Amino acid sequence: MKTHLTQLLTTAAKIIAPEITDLTIILERPKSAEHGDFATNLALVLAKPLKQNPRAIATQIIEALPVSEYIAKTEIAGAGFINFFLSPQSKQVVIKDILNAGAQYGRNNNGNHQKVQVEFVSANPTGPLHVGHGRGAAVGDCLARLLDANGWDVTREFYYNDAGAQIDNLTISVLARCKGISTEHESFPENGYRGEYINDIAAAFLAKHTVVADDIEVTASGDINDLNSIRAFSVAYLRHEQDLDLKAFQIKFDVFSLESALYTTGKVEQTVQALIKSGHTYEDNDALWLKTTDFGDDKDRVMRKTDGGYTYFVPDVAYHTDKWNRGFVRVINEQGADHHSTITRVRAGLQALDIGIPKGWPDYVLHQMVTVMRGGEEVKLSKRAGSYVTLRDLIEEVGCDATRYFLAARRADSQLVFDIDLARSQSNDNPVYYIQYAHARICSVLSQWGGDISSLANANLNPLVTAHETALMQRLSEYPEVVDNAATELAPHMVANYLKELASDLHSYYNEYKFLIEDESLKLARLSLISATQQVLKNGLDLLGVAAKERM
RNA sequence: GCCCCCGUAGCUCAGUGGAUAGAGCAUCCCCCUCCUAAGGGGAGGGUCACACGUUCGAUUCGUGUCGGGGGCACCA
């Protein structure tokens with residue numbers, strides 16, 4: 001419909017202003033229904049070059065518009081806006097589109113089956129997942145679903161930093177617990193992890209348990225002098241715990257990548273050699289530096305430390321080189337905002353390699369901190385202090401659907417306050433129930449009607465003319481744009497907001513009219529409309545990974 | 001000091017180069033003999049942090065100031 005109007009306006013513009021060639025027609029959906037279904041500021045834009053009054057130009061544009069069966073009325077408003085009022089028939093079309101397309105409605109092929117990777121969560125295996133990881137999980141998974149709906153070939157990936165200093169820290173923390181040293185004791189590692197789960201790992205290690213995580217199986221030796229065994233067991237134990245966290249959150253990854261594997265396969269070393277060869281490195285003070293300042297960084301960065309070890313961004317560059325070599329034309333890294341400083345470095349390293357990687361590759365979506373409130377006070381998240389709100393606690397307390405919705409429904413780049421008491425004690429206020437309730441109500445009506453739902457696609461829709469109905473149809477027709485925009489903006493919260501509005505339209509409609517009525521023609525028309533609404537609610541909830549419940 | 005994000009109703013948050021800036025919660029009023037009241041309708045509540053600039057038009061874009069958060073290691 002938008003394309004149709006754009007064409008009409010382009011035709012009209014050529015007639016009244018043939019000399020202007022690079023004109024972009026802007027059509028928007030006015031906020032208020034009084035201003036029609038679409039509005040354009042074309043006359044205002046043309047006012048300056050044509051040196052005429054915008055309202056006069058608007059009149060000329062309307063006269064020059066080709067006739068269209070979909071336009072019921074046009075009017076000039078305000079400073080010179082042209083408002084279009086569509087005919088009821090043109091709005092009803094969307095119902096048939098939806099009922100015929102079903103789960104496909106709203107999907108498009110913008111991605112053209114190109115390979116995109118979404119890397120998210122990527123928590124260190126040093127503790128259970130907490131709320132911040134939950135935000136990354138919810139946002140990342142929704143991004144993946146959105147890209148899929150836009151025709152991309154999506155891979156979900158989780159990267160484990162299982163090779164750095166924090167793993168040594170984990171190992172000595174577990175060792176200390178194996179020796180029975182309390183977290184308060186002075187001989188407990190100063191920066192050690194003090195969470196209760198460290199004690200659990202120590203106990204399991206001493207009991208020679210076997211743990212299975214994604215692709216590994218490790219049996220503890222139970223020997224506290226065997227640091228390698230403690231290390232391997234602890235990592236496997238925590239990876240297993242994180243697997244359970246993700247399972248509880250109903251998130252599945254296609255690929256788990258290990259930092260340690262980048263060393264064992266020689267990819268880190270290859271990357272270092274390639275960087276040296278590129279001429280962007282130099283030795284200084286017994287360390288190897290990368291001239292990241294050549295690529296916009298404010299200072300150069302150490303690659304190889306004096307002690308011979310690599311800094312963390314070297315395996316990061318190796319990892320992203322590997323991603324590139326695996327054929328991902330697009331990579332989106334969903335991370336906490338505290339990773340901000342790595343972006344420039346990783347991109348600089350990839351540019352230095354000069355292997356054809358585009359400048360802005362990879363993309364980043366950074367989510368801001370989650371503040372957790374309990375009892376009116378902020379709960380400090382500290383793995384080391386052991387004060388903790390785990391993702392699994394949260395899911396158990398407020399439910400998977402509500403947690404996912406809550407964490408994905410806000411813009412990633414604004415800070416989020418998660419009030420546990422509110423989420424738990426007043427969980428009915430959570431908007432996710434409002435949306436699910438709209439879906440359940442429709443299911444209930446359709447089930448009481450008892451007719452053949454597939455026949456609704458053939459219903460005569462002409463009776464649908466009330467304000468509530470046109471508003472609902474209008475909303476339904478916006479869904480494909482929402483799917484498109486949310487993916488373009490990498491902003492899943494746009495879907496959540498849309499669904500809230502759609503549910504609101506449905507609830508208003510539901511309260512205003514009865515559906516199961518005597519008038520057969522009107523009944524079928526209305527049932528078609530709510531059936532289409534049900535489909536769109538379901539499609540949208542699916543993008544968020546939230547269940548479309550049939551009963552509440 | 002430098003870099004990034006944010007500042008919108010009492011609270012939590014949407015939103016937009018354009019017409020009267022929205023929702024939920026909270027407060028107040030109304031609506032089930034009727035398809036799920038986990039709902040609907042209405043009222044009150046705003047200097048869109050502040051200033052200057054760009055523009056026909058700025059809450060939206062730019063610059064600066066002030067506030068909040070996060071980064072600025074030979075940690076990850």
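As the structure is a prediction and not an experimental result, all values here were calculated from the model. Here is how names work: the chains are called A, B, and so on, in the same order as the sequence lines, proteins then strands, and each is numbered from 1.
- Contact annotation for A:A409: no contact, since no heavy-atom pair falls under 4.0 Å across all strands.
- One can place NE2 of A:H340 at 12 Å from P of B:C6, the figure rounded to the nearest angstrom.
- Here the nucleotide nearest the side chain of A:M494, chosen from B:C75, B:A19, B:G15, is B:G15.
- You'll find that the side chain of A:S444 is closest to B:C35, out of B:C6, B:G41, B:C35.
- Base pairing of B:U27: its partner is B:A43, meeting the Watson-Crick or G-U wobble criterion (both donor-acceptor distances under 3.5 Å).
- Between A:Q166 and A:I82, it is A:I82 whose nearest contact on RNA chain B lies nearer the 5' terminus.
- OP1 or OP2 of B:G18 has not a single side-chain nitrogen or oxygen of A:T40 nearer than 4.0 Å.
- Here B:G39 presents its P atom at 12 Å from CD1 of A:I435, a figure rounded to the nearest Å.
- Annotation: B:A9 and B:G64 have their P atoms spaced 25 Å apart (nearest Å).
- The 12-atom threshold is not exceeded at CD of A:E518, counting heavy atoms of other residues, nucleotides or ligands nearer than 6.0 Å.
- Listed pair A:Y434 / B:G40 meets the phosphate criterion, a side-chain N or O lying under 4.0 Å from OP1 or OP2.
- Listed nucleotides: B:G40, B:C35, B:C13. Nearest to the side chain of A:H507: B:G40.
- What separates CE of A:M369 from P of B:U12 is a distance of 18 Å, to the nearest Å.
- The aromatic ring of A:F81 sits over the base of B:A19, with ring centres less than 5.5 Å apart and planes tilted by under 30°.
- Pairing of B:G67, defined by two Watson-Crick or G-U wobble distances under 3.5 Å, is identified with B:C6.
- The 12-atom threshold is exceeded at CG of A:N511, counting heavy atoms of other residues, nucleotides or ligands nearer than 6.0 Å.
- On the C1' atoms, B:G7 is 30 Å away from B:C28, given to the nearest whole Å.
- Taking only side-chain nitrogens and oxygens, A:R411 comes nearer than 4.0 Å to OP1 or OP2 of B:C6.
- Residue A:N83 is classed as a base contact, given a heavy-atom separation below 4.0 Å to a base.
- Straight-line distance between the P atoms of B:G62 and B:G17: roughly 12 Å, to the nearest whole Å.
- With C1' as the reference atom, B:A19 and B:G45 are 23 Å apart, rounded to whole Å.
- Contacts of A:Y513 with the nucleic acid, taken as non-hydrogen atoms under 4.0 Å apart, include base atoms.
- The distance from atom CG of A:D298 to atom C1' of B:A73 is 13 Å, rounded to the nearest whole Å.
- Phosphate contact (OP1/OP2 of B:C35, side-chain N/O of A:K523, threshold under 4.0 Å): absent.
- A:I167 comes within 4.0 angstrom of nothing in the nucleic acid, heavy atoms only.
- OP1 or OP2 of B:A37 has at least one side-chain nitrogen or oxygen of A:R441 nearer than 4.0 Å.
- A:K514 places its NZ atom 11 Å from the C1' atom of B:C32, with the value rounded to the nearest Å.
- Minimum atom distance to the side chain of A:M552 is reached by B:A38, of the listed B:A38, B:A19, B:U12.
- Look at A:S504 and you won't find any side-chain N or O under 4.0 angstrom from OP1 or OP2 of B:A23.
- Between A:H493 and B:G15, a side-chain N or O to OP1/OP2 separation shorter than 4.0 Å is present.
- Looking at heavy-atom distances under 4.0 Å, A:Y510 makes contact with a base.
- If you take atom P in B:A58 and the same atom in B:A49, they sit 16 Å apart, rounded to whole Å.
- Across all strands shown, B:C72 pairs with B:G1; the Watson-Crick or G-U wobble distances both stay below 3.5 Å.
- Distance from the side chain of A:T306 is smallest to B:C74 among B:C74, B:A76, B:A14.
- Here B:C13 is the nucleotide among B:C35, B:C13, B:C75 with the atom lying nearest to any side-chain atom of A:R410.
- When Watson-Crick and G-U wobble pairs are counted only if both distances are under 3.5 Å, B:G62 pairs with B:C52.
- Among the heavy atoms of the strands, none lies under 4.0 Å from A:D307.
- Checking B:A14, B:G18, B:A19 against the side-chain heavy atoms of A:N41 singles out B:G18 as nearest.
- No cation-pi contact links A:R194 to A:F188, judged by a cut-off of 6.0 Å to the six-membered ring centre and 45° from its axis.
- Counting distance only, with no hydrogens placed and no angle test, the side-chain atoms of A:Q415 and the base atoms of B:G68 include a donor-acceptor pair under 3.5 Å.
- Relative ring orientation between A:Y509 and A:H468 is described as parallel, the plane-to-plane angle staying below 30° on a 0-90° scale split at 30° and 60°.
- Between the base of B:G70 and the side chain of A:D338 there is no donor-acceptor pair shorter than 3.5 Å.
- For the side-chain hydrogen bond (donor to acceptor under 3.5 Å, both in side chains) criterion with A:D413, the lone passing option out of A:Q415, A:R410, A:R411 is A:R411.
- Base contact: A:A287 has a heavy atom under 4.0 Å from a base atom.
- The side-chain heavy atoms of A:E259 and A:Y159, taken from C-beta on, include a pair separated by under 4.5 Å.
- Atom-to-atom, CD of A:E190 to P of B:C75 comes out at 16 Å; the value is rounded to the nearest Å.
- Summarising the base pairing, B:G17 is matched to no nucleotide, lacking a Watson-Crick or G-U wobble pair whose two defining distances lie under 3.5 Å.
- Checked against B:G69, B:C35, B:A76, the side chain of A:N124 finds its nearest nucleotide in B:A76.
- Ring pair A:W361/A:H320 is perpendicular by interplanar angle, where above 60° counts as perpendicular and below 30° as parallel.
- The interatomic distance linking A:R345 (CZ) with B:C75 (P) rounds to 12 Å, in whole Å.
- B:U20 and B:C61: their C1' atoms are spaced 24 Å apart (whole Å).
- Across all strands, A:A438 comes closer than 4.0 Å to no nucleic acid atom at all (heavy-atom distances).
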(Q) Determine whether A:D162 and A:S260 satisfy the following criterion, side-chain hydrogen bond (donor to acceptor under 3.5 Å, both in side chains), listing intermediate values before the conclusion. (A) CA-CA 6 Å; A:D162 63 339; A:S260 56; 2.6 Å; yes

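- Taking the nucleotide of RNA chain B with the nearest heavy atom to each of A:E550 and A:N497, the more 5' of the two is matched to A:N497.
- Anti is the glycosidic conformation of B:C28, whose angle departs from 0 by more than 90°.
- Separating the CE atom of A:M303 from the P atom of B:A76 is a distance of 14 Å, rounded to the nearest angstrom.
- Comparing the C1' positions of B:C29 and B:A14 gives an interatomic distance of 27 Å, to the nearest angstrom.
- The side chain of A:S341 lies closest to B:G71 when the candidates are B:C5, B:G71, B:U12.
- Comparing B:A19, B:C4, B:A38 by their nearest atom to the side chain of A:Y433 picks out B:A38.
- Within a 6.0 Å radius of CD in A:E481, other residues, nucleotides and ligands contribute more than 12 heavy atoms.
- Ring planes of A:Y498 and A:Y479: tilted class, angle from 30 to 60°.
- B:C32 and B:G39: their C1' atoms are spaced 10 Å apart (whole Å).
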